Amino acid sequence: MVYDVRNRLSELRREFHRRPEPGWREFRTTARIVEELERLGVDEIAVGREALSTAQRMAVPDSSELEPWLERAREAGVREDVLERTADGHTGVVGVLERGEGPTIGLRVDMDAISMTESDLAEHRPAAEGFRSEHEGFMHACGHDAHIAIALGTIASIADGGERLDGARSPSKRGSDGEFSGTLKVFFQPAEEISGGGKAMAEGGYLDDVDYLLALHVGLDHPTGEIVAGVEKPLAMAHLTATFEGASAHAGKAPNEGGNAMQAAATAIQNAYAIPRHSEGQTRVNVGRIEGGTASNVIAEEIAIDAEVRGETTGLMEYMRTELERVCYAAAEMHDCDVTPRVVSESPRADSHPALRELVEGVARDVDGVDRVIPSTEFGVSEDVTYLMNRVQDRGGLASYLLVGTDHPTNHHTPTFDIDEDSLGIGAAVLSRTILELSRRPV
């Protein structure tokens, strides 16, 4: 029997919940995952630069934002060899389990937290039971802590010869012993919330021989006991910044001598929402942040905005991105300013493959705790796992993005987000049995 995390899924999830780290700063999270993988006895562990493409990272913070998190991890006693491998924001892990001949199956989960202050209300369970975020201003408000725990439980089940989470032998067999035969690669991806890590991990090399890729998300308004076998129509997305540069002047004495970057930014924001919707599908635009200026009596010399665009297809996202950039250039010219738009990160569209969805659906119906299986649903939001899905499917493999239902008292990305921990075992059971079935009966 290998080291067993399956009776510790809630404990692990709470540990990760207590110590959230944002994108490209998941130093301590990476190290804890490495420790668990070593105890599980996987055959290979790739960390940081070994696991992803440095050149393809997006939305990487500068060193002034990275170093405090690295130092915090060092003060917490994180192993120096892991810190060296994750330095400069090279977080993330790939764990590889080799079990002879058979398909190569990938499982991807995300691991970063959100910039949000967690509630300290007594009715908020993490606060009441002592696992509220220790890092003020950051929390796991989307369930990535649960995703890590589910992935570790899945590895344990596969490594232990295909046992169910309740200890019963899975009916899915390859040969006489019922054990998994093939290679399992589990991708613990950093920086999903800022859409920065998917492309880097997709092009890190470990995905190139994957025949099947599974990924998951908990909740999203699906209750405990409900499984969605594969999502469709995630929105392609791009995060952008635009910096408007003008000239300062006295707002009372000589406003005409200035180049008003505030006016340019305001014009761009107003006109961004006037970009025509597209007849070929859904499109979205939002400007969520504006910063700059010095005083009320000074014509603003520099203003920066943060925006995002989305589209039902990658082409529609690119249409919105191009139109937003055009709006920014026009607004800058109108107010005698310069503007520098820049894409910070982006993600394409990718759909779950029908054949793999069908297999997941059949497996999930026989898992204890699953009350309802939905074959597919439209996702309607964005996720940079699509880089990994497209990479596999472009090379002839199949991919599916599952939803594992969980009761959550408030919605994702809120200060009181939490999960029903019964969903951890359900998710690990669905994934491990799907992996075993793919080993026995490739599709």
Side-chain angles (χ1 to χ4, degrees), residues 2 6 40 42-43 95-109 150-151 153-187 206-216 226-232 350-377 385 388-404 425-443:
V2 298
R6 288 169 292 180
L40 284 166
V42 300
D43 298 285
V96 182
L97 191 68
E98 298 177 349
R99 291 295 184 269
E101 295 294 324
T104 298
I105 301 170
L107 170 62
R108 177 272 196 184
V109 293
I150 289 171
T154 300
I155 296 169
S157 185
I158 296 300
D160 198 26
E163 291 189 356
R164 293 183 183 175
L165 268 290
D166 60 9
R169 180 68 65 181
S170 168
S172 300
K173 297 181 179 180
R174 185 181 180 91
S176 59
D177 57 5
E179 295 186 355
F180 172 75
S181 182
T183 300
L184 174 64
K185 296 184 177 183
V186 182
F187 299 82
Y206 278 87
L207 201 70
D208 291 352
D209 62 348
V210 169
D211 300 299
Y212 305 101
L213 178 69
L214 300 168
L216 79 145
E226 190 166 280
I227 299 291
V228 177
V231 302
E232 296 180 298
D351 294 316
S352 300
H353 194 280
L356 191 49
R357 288 198 328 250
E358 184 177 346
L359 183 140
V360 173
E361 179 184 0
V363 167
R365 292 190 187 281
D366 292 330
V367 170
D368 290 344
V370 175
D371 304 315
R372 183 185 182 207
V373 181
I374 301 172
S376 185
T377 190
V385 69
L388 287 82
M389 294 173 69
N390 280 337
R391 182 82 170 186
V392 169
Q393 298 191 138
D394 288 347
R395 291 168 174 260
L398 307 183
S400 189
Y401 189 95
L402 290 66
L403 301 183
V404 176
I426 294 171
V430 170
L431 287 167
S432 61
R433 292 186 62 183
T434 298
I435 291 165
L436 285 165
E437 184 68 9
L438 285 169
S439 170
R440 184 186 71 86
R441 183 173 61 88
V443 296

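These numbers come from the heavy atoms of this one structure, side chains and all, not from hydrogens, waters or symmetry mates. For clarity, every value in this text was computed on a predicted model and none was experimentally measured. Index from 1, following the sequence.
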Considering only heavy atoms from C-beta outward, does the side chain of V430 approach that of V404 to under 4.5 Å?
no

Do E437 and R433 sit within salt-bridge range, that is, some charged N less than 4.0 Å from a carboxylate O?
no

Quick one, I227 and R365 - any side-chain contact, counting heavy atoms below 4.5 Å?
no

Please report the C-alpha distance between L97 and D43 in whole Å, then the side-chain angles of each, then the deciding distance to 0.1 Å, and finally whether the side chain to side chain contact (heavy atoms under 4.5 Å, CB included) criterion is met.
CA-CA 5 Å; L97 191 68; D43 298 285; 4.0 Å; yes

Atom of S400, atom of A229 and distance for their closest heavy-atom approach:
OG-O, 2.8 Å

Does some side-chain heavy atom of Y206 sit less than 4.5 Å from a side-chain heavy atom of V96?
yes

Do F180 and S432 come within less than 4.5 Å of each other through their side chains, counting heavy atoms only?
no

Between D208 and R391, is any pair of side-chain heavy atoms under 4.5 Å apart?
yes

For S181 versus P103, what's the shortest heavy-atom pair and its separation?
O-CD, 3.8 Å

Check: residues 370-377 side-chain donor-acceptor pairs under 3.5 Å, at least two apart:
residue : atom : partner : partner atom : Å
R372    : NH1  : E226    : OE1          : 3.1
S376    : OG   : G230    : O            : 2.9
S376    : OG   : E232    : OE1          : 3.3

Paired with L431, the side chain to side chain contact (heavy atoms under 4.5 Å, CB included) test is passed by just one of L402, I105, V363, V186, namely L402

Taking every heavy atom of D351 against every heavy atom of Q393, the minimum-distance pair comes out as O-NE2, 3.3 Å

Electrostatic pair R395:D209 at N-O distance under 4.0 angstrom:
no

So, does Y212 use its side chain to make a donor-acceptor pair with the main chain of V443 at under 3.5 Å?
yes

Do T154 side-chain atoms and I150 backbone N/O form a donor-acceptor pair below 3.5 Å?
yes

Can you spot which of L40, L436, L107, V42 makes a side chain to side chain contact (heavy atoms under 4.5 Å, CB included) with I158?
L436

In a table with atom names and distances, give each donor-acceptor pair under 3.5 Å that connects a side chain of residues 353-360 to protein atoms at least two apart or in another chain.
residue : atom : partner : partner atom : Å
H353    : ND1  : A355    : N            : 3.1
R357    : NH1  : S352    : O            : 3.3

Under 3.5 Å, is there a donor-acceptor pair between the side chain of S439 and the main chain of I435?
no

What one should report as the nearest heavy-atom pair of I426 and G369 is CD1-O, 3.6 Å

When you compare the side chain of D211 with that of L398, does any pair of heavy atoms fall below 4.5 Å?
no

